[in-house]
Amino acid sequence: MTKILAWESGELKEFEKLEVHRKGLRHPAISVFIFSRNKLLLQRRALEKYHTPGLWTNTCCTHPFPGEKPKSCSKRRLKEEMGITGVSLNFSTSIEYKANVGNNLIENEVVDIFFGFIEKINTFRFTPNPEEVMDTQWISIESLKKEIEICPENFTPWLRIYIKDYSILKEDTLNS
C-alpha cells in the first residue's frame with residue numbers, strides 16, 4: 001500500500017494512505033487544473049477507485065510521496081492519471097478542507113493547487129489511464145458551476161468545495 005505523510009499529535013509522520021483516510025488525519029495533497037482558454041479539462045474517476053468512483057473532478061489530484069515536492073508530484077500524477085506531459089504547471093494557492101468521501105473515509109487535506117494552460121484543445125493529445133479515469137471532458141467554467149448547482153452528487157466533494165468555498169475558478173484568478 002502507498003505511504004503518504006499526515007499530521008498526528010502535531011508531528012508529520014508516514015502512514016498507509018488508506019489509514020490516513022479512515023482516521024481523517026490532516027495531510028498534504030495536490031490538485032491540478034488544465035485549461036484551454038475558458039475551458040477546464042475534467043476527468044471522471046474510474047469505477048474501481050476506492051473512494052468517489054464515477055464522479056467528475058478536476059484534471060488530476062493525489063498525495064505527494066514522503067520527500068516529494070508538490071510541483072514534482074503534480075507533474076508525476078498528471079502523467080500517471082492523464083498521460084499528460086510537457087505542460088508547464090504554475091502554483092496558484094493552498095487550500096484546506098475536510099470532507100466525507102464515502103465508505104467511511106475522510107479527506108482532511110492541505111492542498112497545493114497548480115494550473116496549467118494549453119493553446120488548442122483540438123491539437124492537445126493525452127491518454128488517460130483507464131485504471132484511474134473512465135472519461136474526460138472540456139467544460140467552460142460557467143457550465144461547470146451550473147452543473148454543480150444542478151447535480152452536485154455527480155462531482156467529487158473537493159471539486160465542489162474548490163468552486164463554492166474558494167472560488168478558485170474566477171476569471172481574475174485564471175487571467176493573473
Please name all residues satisfying side-chain contact (heavy atoms from CB on, under 4.5 Å) with Asp135, sequence neighbours left out, ordered by chain then number.
-> Arg44, Trp56
Using a strict cut-off of less than 4.0 Å between a Lys/Arg side-chain nitrogen and an Asp/Glu carboxylate oxygen, indicate whether Glu142 and Lys146 qualify as a salt bridge.
-> no
Contact check, side chains of Ile4 and His27, non-hydrogen atoms, under 4.5 Å | yes
With the side chain counted from C-beta on, respond yes when Ile106 and Leu25 share a heavy-atom pair under 4.5 Å apart, and no when they do not.
-> no
Within one Ile-Leu-Val-Met-Phe-Trp-Tyr cluster: Trp158 and Leu42, side-chain cutoff 4.5 Å | yes
Hey, are Arg26 and Glu96 close enough for a salt bridge, meaning a charged N less than 4.0 Å from a carboxylate O?
-> yes
With clusters built from Ile, Leu, Val, Met, Phe, Trp and Tyr whose side-chain heavy atoms come within less than 4.5 Å, directly or transitively, what are the remaining members of the cluster of Ile84, listed by chain and number?
-> Ile30, Val32, Ile34, Leu41, Leu78, Met82, Val87, Leu89, Phe91, Phe114, Ile118, Ile121, Phe124, Phe126, Val133, Trp138
Same cluster or not: are Ile139 and Phe117 linked, directly or through other Ile, Leu, Val, Met, Phe, Trp or Tyr residues, by side-chain heavy atoms under 4.5 angstrom apart?
-> yes
Criterion side chain to side chain contact (heavy atoms under 4.5 Å, CB included) on Thr123 and Lys120, from CA distance to verdict = CA-CA 6 Å; Thr123 58; Lys120 297 180 181 176; 3.5 Å; yes
Side-chain contact, heavy-atom cut-off 4.5 Å: Pro28 with Trp7?
-> yes
Does a side-chain heavy-atom distance below 4.5 Å link Asn100 with Pro157?
-> no
Any donor-acceptor N/O pair, Ser74 side chain to Pro70 backbone, under 3.5 Å = yes
Determine, stepwise, if the pair Glu132 / Glu80 fulfils side chain to side chain contact (heavy atoms under 4.5 Å, CB included).
-> CA-CA 9 Å; Glu132 301 285 343; Glu80 290 172 354; over 6 Å; no
Check whether any side-chain N or O of Arg45 sits under 3.5 Å from a backbone N or O of Thr52 as a donor-acceptor pair, and report yes or no.
-> yes
Is a side-chain donor or acceptor of Asn108 paired with a backbone partner of Gly24 at a separation under 3.5 angstrom?
-> yes
So if you build clusters from Ile, Leu, Val, Met, Phe, Trp, Tyr with side-chain heavy-atom gaps below 4.5 Å, do Ile148 and Ile141 land together?
-> yes
Taking His51 for the side chain and Leu105 for the main chain, is one N or O donor matched with an acceptor at less than 3.5 Å?
-> no
Please assess His21 against His63 for the test side chain to side chain contact (heavy atoms under 4.5 Å, CB included), listing each intermediate value before the final yes or no.
-> CA-CA 12 Å; His21 293 122; His63 309 94; 3.4 Å; yes
Residue pair Asn38 / Ser140, side-chain donor-acceptor N/O under 3.5 Å | no
Cluster check Tyr97, Leu159: I/L/V/M/F/W/Y, side chain < 4.5 angstrom = yes
Closest approach of Leu40 to Phe35 (non-hydrogen atoms, all atoms of both residues) = CD1-CE2, 3.8 Å
Answer yes or no: is there a donor N or O on one side and an acceptor on the other, between the side chain of Asn103 and the main chain of Tyr50, under 3.5 Å?
-> yes
Smallest separation among heavy atoms of Glu119 and Arg37, with atom names = O-NH1, 3.2 Å
Within a reach of under 6.0 Å around NZ of Lys13, are more than 12 heavy atoms found that belong to other residues, nucleotides or ligands?
-> yes
CD (Glu131) with more than 12 external heavy atoms under 6.0 Å | no
Backbone N or O of Phe155 within a donor-acceptor pair of the Arg160 side chain at under 3.5 Å?
-> yes
If you draw the axis of the six-membered ring of Phe65, does the NZ or CZ of Arg76 fall within 45° of it and under 6.0 Å from the ring centre?
-> yes
Heavy-atom distance under 4.5 Å between the side chains of Cys60 and Gln43, does that happen here?
-> yes
Identify the two heavy atoms, one from Ser31 and one from Cys61, that lie closest to each other, and give their separation to 0.1 Å.
-> OG-CB, 3.5 Å
Ion pair Lys98/Glu107, N-O distance below 4.0 Å = no
Measure the spacing between NZ of Lys17 and CG of Leu5 and express it to the nearest 0.5 Å.
-> 13.5 Å
Hey, is Lys3 close enough to Glu19 for a salt bridge, meaning N to O under 4.0 Å?
-> no
Should the heavy atoms of other residues, nucleotides or ligands under 6.0 Å from NZ of Lys49 be counted, would the total exceed 12?
-> yes
Consider only side-chain heavy atoms of I, L, V, M, F, W and Y, link residues closer than 4.5 Å, and tell whether Leu55 and Tyr162 are in one cluster.
-> no
Please round to the nearest 0.5 Å and tell me the distance separating atom CZ of Phe33 and atom CG of Asn58.
-> 4.0 Å
